[in-house]
S.K.: 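Questions regarding the structure given below will be posed in turn.
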Amino acid sequence: MADPGGEREVRLVVNGVERVAAAEPRLLLSDFLRHRLGLTGTHVGCEHGVCGACTVLLDGEPVRSCLVFAVQAEGAELRTVEGLAGEDGELGPVQRAFHEAHGMQCGFCTPGFLISLTALLEERPGASEEELVDALSGNLCRCTGYANILAAARAARDQAAERA
Amino acid sequence: MSTIGVSVPRIEDERLLRGEGRFVDDLRLAGALEVAFLRSPHAHARIGAIDAAAALALPGVVAVIDGRETAAALEPMVFDIAKIVPEAVREATAPAVRVHPMPALPTERVTYVGQPVAMVVAESRYLAEDAVDLLAVEFEPLPAVVDAERALAPGAPRVETEWEDNEAISFAFERGDVDAAFAAAKVVVEESFRSHRQHPSPIETRGVAAGVDPQDGSLDVWSATQTPHLLRDFLARWLGRDPERIRVRAPDVGGAFGIKHSCYPEDLLIPFAALRLGRAVKWTEDRAEHLAAATQGRDQVHRIAVAADAAGRILAVRDHAVMNAGAFNLLGLVVPYNTFTHLLGPYDVGAFGFAMRVAVTNTAPVAPYRGAGRPEAVFAIERAIDRLARELGADPADVRARNLIGPEQMPYETGIVYRDGTDQVYDSGDYPELLRRAREVVERERFEAAATERRRIGVGYAIYTEGTGVGPFETARVRIEPTGRVKVLTGASSQGQGHRTTLAQLAAEALGVAVADVEVVGGDSAAVPSGFGTLASRTLVVAGNAVSEAAAAVRAQALEVAAGMLGAASYELEIEGGTIAVRGRPDATLPLGAVADFLTPFNPARPRGAPSELAAESVYRPGPVTWSAGVHVAVVAVDLPTGVVEVLRFVVAHDCGRVVNPAIVDGQIVGGVMQGIGGALHEEVLYDEDGQLRTGNFMDYVLPTAGETPEFELIHLDTPSPLNPLGVKGMGEGGAIGPPAAIAGAVEDALADLGVVVHRGPLGPSRVRDLIVAAAGG
Amino acid sequence: MKPASFDYHAPATLAEALELLGDDAVESRVLAGGQSLVPMMNFRLAVPEALVDLRRIEELRYLRTGADGALEVGARTTQAELLRDPAVAAGWPLLHAGVTHVGHPQVRSRGTVCGSLAHHDPHGELPALALALGATITVAGPDGRRRIAAEDFFVSFYEVALESGEMVVEARFPAPPAGSGWSFREIARRHGDFALVGVACLVAPAETRLVVFGAAERPLLLADPGEVAAAVRPLDDLHASAEYRRQVAVQLAGEALAEARERAGG
Ligand SMILES: Cc1cc2nc3c(=O)[nH]c(=O)nc-3n(C[C@H](O)[C@H](O)[C@H](O)COP(=O)(O)OP(=O)(O)OC[C@H]3O[C@@H](n4cnc5c(N)ncnc54)[C@H](O)[C@@H]3O)c2cc1C
Ligand code: FES
Ligand code: FES
C-alpha cells in the first residue's frame, strides 16, 4: 500500500451488485453506503454502536456499519434494506410482517430492525422468544414501544419456521 | 362502507420498508458543504478570542463563522410564543414572564455545555470536525448553577447577567379558601416529588439543509422540523427575506416528540451560511450534539399538599412547583402553565392553590417533551393521592374513584383559565368508567398471587386528562385530479404518526372514494400558503377537521357540476368508490375524475365562470381544547435483593373521542407508554455540579429496548367530542403522561410493608435498592 | 462524530502485524472487532496514528481444542463464532453462558474474544470469565511470545499486562475438570448492557473459583462469598452507587456459589 492514510478504491458486492468507490481509511461504512453509493436506506442514529439503525448484513452477519471502516469491507458481500425485497420486487416476508403488524411509525429505525431480524431468521428460522428479544434488543426504536415490532417478529418467525 | 374506525394499513410504510424514505440527511444536494459546530465545553464562561487561522488553513475548509459575524447580521432570537400571555391568563394568574433573546452564536458568554460557539463549513463533515479541533477559543470559566431551586436561592450565580436573579417565570392561582379547607381537614399529606430531566431523543437527530436558487435567489430549506410553516416565517423574519421566496420542506422525519419544534440557532445558521456562501449547506446533528444541545424535558419539583376528610374526599390541593428552564426561557408559559392546568386532572376538588416558579440555569434549554408539563403534574398529584390512600389505610384506586368527576357533571368547568385564554371546560368523558374497566384487568388476573418473599408484586395507578387540539388553526386543500386521484395538501407534517393514512381516510370518507385514491402531501410550506404543524396532540383535531371540511366542500362542488353533466338534481346524486351515480338510474354514472376533467380550461364545453379545478380549501380554527383522558395501571415486580424492577403488565384505558384508525391510535399509545416507562425506570439527563453533562451518549443515557417491553392491554372508551364536527380528540401525548406516576405507585405498593416512599425516578436498581435499605434500616 | 485520520494497515501475517506494531515512531493500535475502539474513535476519545487490522491474518482465526484439552481461541475469533460452536456450549458452559450477556448479536458478530480481554472493561464479561476459568493469555511481541495467567493479565481499568509492541494472539481456556459446576449472574440496566456488577463461578472438585466483576478496577478472584464485602472496591457512577455494587456482589456471589455447587452435583 503506497499511502496508508490516503484514499483507495474499495470494491465490494452490495445486494448482489459489484460496487467500487473511493474511501479514505477513516470513512465509516455507514457513510460509504449512504453517501458514496447512494444507499440511504441504511440510517445513522448514534455512530457509537448502540441504536442499531445502521445495521447491515456483512458476509451474512448483522453488523453495525457505523463501527466498521469502509476499507475493512473490501471484498465483502453486503446486504442492506434495499436488498430485502424479493426478485420480483415484492416486499420480503420480514418487511410484510412489519407492515401488517404496524411495527413501524416514523420508519427511521425500521431498516435496522429488518436487517437484524432477517439475520436471525436466516440462521434460526424457528427462533425462540428469547432469541427474538436478544436480536431485537440490539436496535432502538423511540416510536413504537416495541410491542408491534415483537408481534411482527413473531409473525415473521412463524412463517420462516413453516418454510424451513 | 365507512373507512372511519378501520385499521387501514398505513400508506407510508412501503417506501420506508424498502429503504426509500427520504430523511434530511438522505438528500443529495449538488456540491453541498457540510457543517460542524464548535460547542461550549463549559456550562458558563466568558468567550475571549477565537483564532480560526489554523482551521481555515486546512484544505477543504470553506468558512468559519462565529458570533462576531452573526451578531452583525442576525438579530438575537426570540419566539413570539414565549411572550404571548392572553388577557384572561394574565387576570387569573398574574404571570411575570422574562425572556432573554438567544443569539444564534454568542459573542460574550456561553451559558450551557453544548451551546454552539462557532461553525465550520467544509467539503465534508469529516473535514469540518478536523477543523473544529483546530479552532482555538479562549474561555474564561464562570460560576455555574445547575439546579433550579439553587438558581432561585439568593446569591446564586446569574445565568442572565442583566437580570437581578434567575427567575424567568412566576405565577400563582387560588380558587376557594385553601387555608380553611386545610384547617378543617381530617387528613393532610405533604411531600416533595420530582419529575427528573429527560431527553426526547428520537432516533433521527435534527438536520437542516439549505440551498439558494442561482436563478432567482430564493431559499430552499429542508429541515427535520415539526413545523415547516413556522420555520419559514421565522426564517423570513430573522433573515429579513420575503416569506414567499423561502420554501421549507420537512421530508420524512424520524420522530420528534417535541424536540423538533422551530427554531434552534442551527435552523437559522445553516440557511445563513448557504446565503453567505451561495452554496448548498447541510448539517446533520450527531448524537453527542443531540444529547447536549437539543431541548430536553421535565425537570420540575413539586411541594404538594392534599387535604381530605375521613372518607378520603379531597377538600383542597396546594402545590408549589419549581421548574428548570435551562439556559433560555424559550417557550414561556407553555410547559409550566400546562402543568398548572393539568394538575387536578380528573378530580373534583374543592379548593386549589398553585404557584409556579421557573428558573434559568446553566443547562440545555427545556422545552415541551411528549406531554409537555402534564406528566410532571400527574406525577405530583397521583403520588400525593397514593400517599393519601396510605395515610387513610385505603385502596389507592378506591380513593381515586371517590374523587373523580362523574359523567353527569359534564361539561365540567374547572374554574381555571386555559393557556389559550378560554375557560377550561372538560367537554365529555366518563372517568369512573375508565377506572372501573382498567381495575377489572388487575382484579381478574390476580397478579399479587405470584409474589414471593423476595420478588414483590405491586400495582400502581395514574389518571390524567389532556387538553388536546389547540389552535390557532390548520389549513387543508383538497383537489380532485382528472385522473380521479385525490390530493390533500395540508400544513400539518408527520414524524411517524401516520397522518398520511389517517387524513386520507377522512378525505375518502367525506368524498366517497377509496383510501388508496387519496394522496396526502404535508410538511411543505409551498403546498398550502399557511399552516402550523404537528405538536401538542393537535393534528387529528385541527388538520383532521380541516381536511374533512375541505373534502366535503369539494364533494358539494362535484355534485353540483355533475348534476349539470348528468341532467339530474344534485340532491339525487351519490358518490361511492369514486363514481357519481344518480339514485334510481343505474346507467347514469360518472367517474369523479370526469368532473375534474370537465372543469379544465382545455375543455371547450366548460361553462363560463366555472372554477378551473375541482378543489376547495379550508382553514379550521378550533374553539377551546377538547379533553382526552386515560387511566394507566402498572403491574411491577420488584426483586428485593437486587432492586430490579420489571414491568409485567401495563393497562391503558383511554378515551380519545372518535377513533379514525385504531391500529395507529394503539401504536401511538404504546409508543408513548414505552417512553414513559423509559423515563420511569432508566432515563435521566445528569449534569455534575459544574454543569458538565454526564449523559452524553447512549450508553449513559439509557433508552428502553425490546427487552424491557411489558405486556400491554388497551381498553377503549370512545366518547365523541362535542366540540368538533368529527368528534375526535388528540392522543399523541397521552401514553407518556401516566407511566412515571403509575410505576412509582406500583413500586411503592410492592414495597408497602417496608413503608417505602418514592419521591422521584428513575427507578433503576440502585435507587430502588437504596429505598429498600433506607426503609428497612430506618 | 467522525474519526480523525489514521494510517490503515491490514497485514496478511502475524509477523507483519508485529513489525508494524513494533515501530516505535508511530502510535499504532490493533483493530480487532472494532466494537470498543471505533466508538472511541468516533468520539475522538481515541486518536491513533495507525491501525493494524487483524482481519486478513488467517493464522489467528481459529477456535479449537488443544492437545491438553484446553479451548484455544485465536485473536480473530469473534464472540459470535464462540457462541455458535457446539463444543464450547458443551465443554465450557460457563464461557458460553457468560458470552451470551455480551452486548447484542450485532456486536458479537464482530467483537472478538481476545479484543474484549485486551480492552479490559472491568464491567465486561470476558475478563471475568477468563479469570474464573483459569485462562492464560498468549501475547506476542518483538521479543517473541509469552503466556500470562489471567490472574496477572488484568491490571486496572482498560489496562492489561501488555508491553509496548505486544498484542494478544490467543486465549486458552482449560477444560473444566470433570464433576465441576458453574454459575454466571449479572445485573445490567438493560438487556445486553455491560454489567453493573456480576459474578462468574466455577466449582471444581479441587478448587472453587469465584469471580466478582464490575465491583473493582479489575475482576477479583475469591475463594468464598464471605470475602466479597471486604474485597470489593466498587465505583460510584451514574448507573449505580458503590454501596449498591457491594451489596449486590455479595448477594450474587452467594447465589452463584450455591447454583454452581448444585450443578457440580452437591
Ligand atoms: C452496543 C455495545 C454493547 C456492548 N456491550 C458489551 C457488554 O455487555 N459486555 C462486554 O464485555 N462488551 C460489550 N461491548 C464491547 C464489545 O464486547 C467489544 O467487542 C469488546 O470489548 C472489544 O473487542 P473488539 O474485538 O471489538 O476490540 P476492538 O474494539 O477492535 O479493540 C478494543 C481495544 O483492544 C485492543 N485490542 C483488540 N484486540 C487486541 C489484540 N488481539 N491484542 C492487543 N490489543 C487488542 C484495541 O487496540 C483496542 O484498544 C459492547 C459494545 C457495543 C458497541
Ligand atoms: S448508528 Fe450505528 S449503531 Fe447507531
Ligand atoms: S419507528 Fe420511529 S424510531 Fe422506530
Side-chain angles (χ1 to χ4, degrees), chain A residues 24 26-27 31 34-35 38-53 80-85 91-92 94-96 98-114 132-150 153, chain B residues 7 9-10 12-23 25-28 124-126 200-205 252-257 284 286-288 494-498 663-664 666-675 677 697-699 703-712 735:
Chain A
E24 56 173 332
R26 62 168 164 169
L27 186 69
D31 285 331
R34 292 175 49 73
H35 302 307
L39 292 168
T40 53
T42 298
H43 295 157
V44 167
C46 73
E47 293 178 306
H48 53 287
V50 184
C51 77
T80 66
V81 65
E82 288 93 343
L84 291 184
L91 291 180
V94 170
Q95 291 166 308
R96 270 204 315 277
F98 270 70
H99 179 56
E100 283 159 12
H102 184 31
M104 52 195 293
Q105 291 183 22
C106 77
F108 192 80
C109 69
T110 310
F113 275 96
L114 296 174
L132 286 180
V133 170
D134 188 42
L136 297 181
S137 65
N139 292 76
L140 297 177
C141 172
R142 199 56 162 160
C143 299
T144 64
Y146 304 106
N148 286 348
I149 289 180
L150 287 163
Chain B
S7 293
R10 293 202 332 161
E12 33 283 86
D13 288 0
E14 171 119 8
R15 291 167 45 247
L16 297 165
L17 285 165
R18 290 182 185 277
E20 291 167 3
R22 281 293 166 269
F23 297 87
D25 190 60
D26 299 344
L27 301 170
R28 287 225 261 176
S124 82
R125 172 74 183 221
Y126 288 76
S201 268
I203 306 303
E204 184 207 28
T205 53
D252 289 317
V253 176
F257 318 117
T284 302
D286 66 32
R287 185 59 57 182
S494 184
Q495 306 86 43
Q497 299 91 338
I664 288 179
D666 288 358
Q668 286 284 308
I669 291 171
V670 169
V673 168
M674 203 61 200
Q675 268 181 328
I677 291 177
N697 62 60
F698 268 170
M699 291 292 223
L703 299 186
T705 75
E708 286 77 50
T709 302
E711 261 186 67
F712 287 95

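So you know, we letter chains A, B, ... as the sequences are listed, proteins then strands, and number each from 1.
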S.K.: Go through the atoms of A/Asp134 and report whether side chain, backbone, both or neither lie under 4.5 Å from a heavy atom of chain B.
M.R.: neither
S.K.: Taking the side chain as everything from C-beta on, heavy atoms only, tell me whether A/Asn148 gets closer than 4.5 Å to B/Val670.
M.R.: no
S.K.: Highest number of heavy-atom pairs under 4.5 Å with chain B: which of A/Val50, A/Val94, A/Thr42, A/Leu150?
M.R.: A/Val50
S.K.: What's the shortest heavy-atom distance between A/Ser137 and B/Gly707, and which atoms?
M.R.: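 The answer is CB-N, 4.0 Å.
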S.K.: Look up atom OG1 in A/Thr40 and atom CZ in B/Arg22, then write down how far apart they are to the nearest 0.5 Å.
M.R.: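 Result: 4.0 Å between the selected atoms.
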S.K.: So which part of B/Arg15 gets closer than 4.5 Å to some heavy atom of chain A, the side chain, the backbone, both or neither?
M.R.: neither
S.K.: Can you tell me which portion of B/Asp252 sits under 4.5 Å from chain A's heavy atoms? Options are side chain, backbone, both or neither.
M.R.: neither
S.K.: Which pairs, with at least one residue in residues 41-51 of chain A and sequence neighbours excluded, count as a salt bridge (Lys or Arg N to Asp or Glu O under 4.0 Å)?
M.R.: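 Output for this query lists A/Glu47-C/Lys2.
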S.K.: Using a 4.5 angstrom heavy-atom cutoff, name the option from B/Gly19, B/Gly254, B/Gly671, B/Ala706 with the most pairs to chain A.
M.R.: B/Ala706
S.K.: Looking at B/Glu711, I want to see if its CD is surrounded by more than 12 non-hydrogen atoms of other residues, nucleotides or ligands under 6.0 Å.
M.R.: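 Result for CD/B/Glu711: open.
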S.K.: Where on B/Ile677 is there a heavy atom nearer than 4.5 Å to chain A: the side chain, the backbone, both, or neither?
M.R.: neither
S.K.: Kindly give the heavy-atom pair with the smallest separation between B/Phe712 and A/Ala147, and that separation in Å.
M.R.: CD1-CB, 3.9 Å
S.K.: Which of the residues B/Gln675, B/Glu708, B/Glu20 is involved in the greatest number of heavy-atom pairs with chain A at under 4.5 angstrom?
M.R.: B/Gln675
S.K.: Write down the atom of A/Gly38, the atom of B/Arg28, and the distance for their closest heavy-atom approach.
M.R.: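 Looking at all heavy atoms of both residues, the closest pair is CA-NH2, 4.0 Å.
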S.K.: Are any of the side-chain nitrogens in A/Arg34 or B/Asp25 under 4.0 Å away from the carboxylate oxygens of its partner?
M.R.: yes
S.K.: Could you check whether the rings of B/Phe23 and A/Phe108 sit parallel, tilted or perpendicular, using 30° and 60° as the cut-offs?
M.R.: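 It falls in the perpendicular class, over 60°.
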S.K.: Give the minimum heavy-atom separation between B/Asn697 and A/His48, together with the two atoms involved.
M.R.: CB-NE2, 3.5 Å
S.K.: Is there side-chain contact between A/Val44 and B/Arg287, with heavy atoms separated by less than 4.5 Å?
M.R.: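 The answer is no; the side chains never approach within 4.5 Å.
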S.K.: Can you check whether A/Leu140 reaches B/Thr705 side chain to side chain, under 4.5 Å on heavy atoms?
M.R.: yes
S.K.: Using non-hydrogen atoms only, which part of A/Thr110 is less than 4.5 Å away from chain B: side chain, backbone, both, or neither?
M.R.: side chain
S.K.: Tell me if a side-chain donor or acceptor on A/His99 pairs with a main-chain N or O of B/Pro9 at a distance below 3.5 Å.
M.R.: no
S.K.: Can you confirm whether A/Met104 sits close enough to B/Arg10 that some side-chain heavy atom of one is under 4.5 Å from a side-chain heavy atom of the other?
M.R.: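 A side-chain contact under 4.5 Å exists here.
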S.K.: Check each atom of B/Gln668 against the heavy atoms of chain A and say whether the ones under 4.5 Å are side chain, backbone, both or neither.
M.R.: both
S.K.: Is any side-chain heavy atom of A/Phe98 closer than 4.5 Å to a side-chain heavy atom of B/Asp13?
M.R.: no
S.K.: Can you tell which part of B/Val673 gets under 4.5 Å to a heavy atom of chain A, answering side chain, backbone, both or neither?
M.R.: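 No part of it gets close to chain A.
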S.K.: Side chain, backbone, both or neither: which part of A/Leu84 has a non-hydrogen atom closer than 4.5 Å to chain B?
M.R.: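 A/Leu84 has no heavy atom closer than 4.5 Å to chain B.
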S.K.: Between A/Arg142 and B/Glu204, is there a side-chain heavy-atom distance shorter than 4.5 Å?
M.R.: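 Of all side-chain heavy-atom pairs linking A/Arg142 with B/Glu204, none is under 4.5 Å.
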S.K.: Non-hydrogen atoms of chain B under 4.5 Å away: do they reach the side chain of A/Leu27, the backbone, both or neither?
M.R.: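 Backbone plus side chain of A/Leu27, per the 4.5 Å heavy-atom cut-off to chain B.
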S.K.: Where is the tightest heavy-atom contact between A/Cys106 and B/Gly255, given as atom of each residue plus distance?
M.R.: CB-N, 3.5 Å
S.K.: Tell me whether A/Tyr146 contacts the main-chain N or O of B/Pro704 through its side chain, where contact means a donor paired with an acceptor under 3.5 Å.
M.R.: yes
S.K.: At a 4.5 Å cut-off on heavy atoms, which part of A/Arg96 comes close to chain B: side chain, backbone, both, or neither?
M.R.: neither
S.K.: Please report the closest heavy-atom contact between A/Ala53 and B/Ile203, naming both atoms and the distance.
M.R.: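 Looking at all heavy atoms of both residues, the closest pair is CB-CG2, 4.4 Å.
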